[in-house]
Amino acid sequence: MQNERLKLYRTETGCVIEARGKFHAATCVWDELITRDDLEREVERLIAREQDSKAHLDASEIRAPIGSQEVWAAGVTYFRSRDARMEESKSAGGGDFYDRVYHADRPELFFKSTASRVVGHREKVAIRSDAKWSVPEPELALLVSPSGKILGYTIGNDMSSRDIEGENPLYLPQAKVYHRSCALGPCVVVGGAPPLAAKIELEIVRTGTVVCSGATSLSAMKRDFATLVQYLYRDNIFPNGCFLLTGTGVVPPDSFTLNLGDEIRISIDGVGTLVNPVG
């Protein structure tokens, strides 16, 4: 599919488009480009206009594909996430909350990050200094325009302090929102959504060895993207559009916590691989 090959990168030197096996350096203002309802058509126009093609794209040049957008997140959209949230909050009396959210019409939506707190491909994510149980949450992220149109897709890592959230559900913002608690990238895939069969895979590498891994597929999601966006934009405005993390279906075992120096690898079919060291 053409849309699977149309990828937009934000780099330290500007916009780079990957299309049909070639990279094209494009003249654009990132925020102006990724907020357009006709983004796919505009990217094709940029490819046709620009003559500067690149043989390759160095990973060190890639930056998080975010400008002035906010990042929001949806929770408990997979059954596996429901189970994990119920188990971690059982002692605090909050386990039933997550079961209710999973079955309710209204999704759980929460603010995740400003752009200044977001890191990109190969940049370090953080674990809270006051947390004892920290995990990554691999997710497909939606790029949504100011008008509420889904324009593209990227990979997100919703870092989470499970012991803080589990102590009391009201501590969710502290468990989720802190500096370098969110990673996006490496690119935005413009246009049609990945197929429901697309796999989301997680690997965590420690001193050269994979110490945790797991996988799910988009077909395991209980909620659809359009409904999540519709609720997020209800009685709200996003002048610069936003990114929306759609929830995780891959949860490391309760015995696992991240360490400094670990490397987190998240891959989604048709999108790519997002790699972040923990530091």
Side-chain angles (χ1 to χ4, degrees), residues 70-113 131 133-144 148-150 153-177 181-182 193-202 212 214-236 238 242-256 266 268-269:
E70 297 174 351
V71 182
W72 286 67
V76 201
T77 57
Y78 290 80
F79 191 81
R80 177 67 185 95
S81 178
R82 165 199 171 272
D83 274 1
R85 299 292 87 77
M86 289 180 66
E87 183 62 30
E88 74 188 15
S89 62
K90 186 184 299 182
S91 63
D96 185 50
F97 293 167
Y98 296 102
D99 185 53
R100 293 183 188 182
V101 167
Y102 183 78
H103 292 288
D105 291 334
R106 182 185 295 274
E108 178 195 14
L109 294 166
F110 58 90
F111 174 80
K112 174 62 182 180
S113 186
W133 183 14
S134 297
V135 297
E137 295 190 2
E139 310 188 16
L140 182 71
L142 315 178
L143 169 62
V144 190
K149 180 180 179 180
I150 300 173
Y153 305 83
T154 189
I155 301 171
N157 180 0
D158 174 17
M159 294 285 287
S160 184
S161 304
R162 289 189 63 184
D163 57 323
I164 294 175
E165 181 181 357
E167 185 179 344
N168 192 312
L170 296 180
Y171 293 161
L172 175 70
Q174 296 176 73
K176 294 283 192 179
V177 184
S181 67
C182 180
L196 290 179
K199 289 178 63 178
I200 302 176
E201 297 178 280
L202 169 69
C212 182
T216 188
S217 68
L218 293 178
S219 62
M221 277 190 67
K222 182 178 188 290
R223 303 182 186 273
D224 63 88
F225 301 151
T227 298
L228 293 176
V229 171
Q230 187 270 323
Y231 270 97
L232 179 62
Y233 274 61
R234 184 179 293 184
D235 297 307
N236 212 338
F238 296 90
C242 72
F243 285 90
L244 175 59
L245 303 172
T246 57
T248 188
V250 183
V251 181
D254 292 354
S255 59
F256 179 85
I266 301 171
I268 300 181
D269 290 344

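Side chains included, hydrogens not; waters and symmetry mates left out as well; all remaining heavy atoms used.
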S.K.: Would you give the length of the straight line joining atom CD of E139 to atom CG of L218, rounded to the nearest 0.5 angstrom?
M.R.: 11.5 Å

S.K.: Within this structure, what is the CG-OG distance for the pair L172 and S161, rounded to the nearest 0.5 Å?
M.R.: 10.5 Å

S.K.: Taking all non-hydrogen atoms of both residues into account, name the closest pair between F243 and L143 and its distance.
M.R.: CZ-CD1, 3.7 Å

S.K.: Closest heavy-atom contact between L202 and P138?
M.R.: CB-CG, 4.0 Å

S.K.: Mind checking what makes salt bridge (Lys or Arg N to Asp or Glu O under 4.0 Å) contact with E201, not counting sequence neighbours?
M.R.: K199

S.K.: Does Y233 have any ring-ring contact (aromatic ring centres under 6.0 Å, His included) partners at least two apart in sequence or in another chain, and if so, which?
M.R.: F238

S.K.: Not counting sequence neighbours, which residues clear side chain to side chain contact (heavy atoms under 4.5 Å, CB included) with V177? List them please.
M.R.: F111

S.K.: Is any side-chain heavy atom of K222 closer than 4.5 Å to a side-chain heavy atom of T77?
M.R.: no

S.K.: Do the side chains of V229 and L244 get nearer than 4.5 Å, heavy atoms only?
M.R.: yes

S.K.: Taking all non-hydrogen atoms of both residues, which atom of I266 and which atom of G156 are closest, and how far apart?
M.R.: CD1-O, 3.9 Å

S.K.: Check whether R223 reaches the backbone of D105 with its side chain - one donor and one acceptor, N or O, closer than 3.5 Å.
M.R.: yes

S.K.: Kindly write out the residues that satisfy side-chain hydrogen bond (donor to acceptor under 3.5 Å, both in side chains) with E70, not counting sequence neighbours, or none if the list is empty.
M.R.: W72

S.K.: Name all residues meeting the side chain to side chain contact (heavy atoms under 4.5 Å, CB included) criterion together with T216; count only those two or more places apart in sequence or in a different chain, and write none if there are none.
M.R.: Y78, I200, A220, V250

S.K.: Taking atom CG of N157 and atom OG1 of T248, what is their separation to the nearest 0.5 Å?
M.R.: 9.0 Å

S.K.: Taking all heavy atoms of D269 and all of A197, pick out the closest pair and write down the distance.
M.R.: OD2-O, 4.4 Å

S.K.: Is there a donor-acceptor contact under 3.5 Å from the side chain of W133 to the main chain of S255?
M.R.: no

S.K.: Who passes side-chain hydrogen bond (donor to acceptor under 3.5 Å, both in side chains) against D158, sequence neighbours left out?
M.R.: K112, K176

S.K.: Minimum heavy-atom separation for L245 and A141, please, with both atom names.
M.R.: CD2-CB, 3.7 Å

S.K.: Which residues pass the side chain to side chain contact (heavy atoms under 4.5 Å, CB included) test with T246, not counting sequence neighbours?
M.R.: L140, L142, M221, F225, L228

S.K.: My understanding is that only residues two or more places apart in sequence, or in another chain, count here; which of them pass side chain to side chain contact (heavy atoms under 4.5 Å, CB included) with Q230?
M.R.: R234

S.K.: Please indicate whether Y231 has more than 12 foreign heavy atoms, meaning atoms of other residues, nucleotides or ligands, lying under 6.0 Å from its OH.
M.R.: yes

S.K.: Using the side-chain hydrogen bond (donor to acceptor under 3.5 Å, both in side chains) criterion, which residues pair with N236? Sequence neighbours excluded.
M.R.: none

S.K.: Return the minimal non-hydrogen interatomic distance between F110 and A74, and the atom names on each side.
M.R.: CE2-C, 4.4 Å

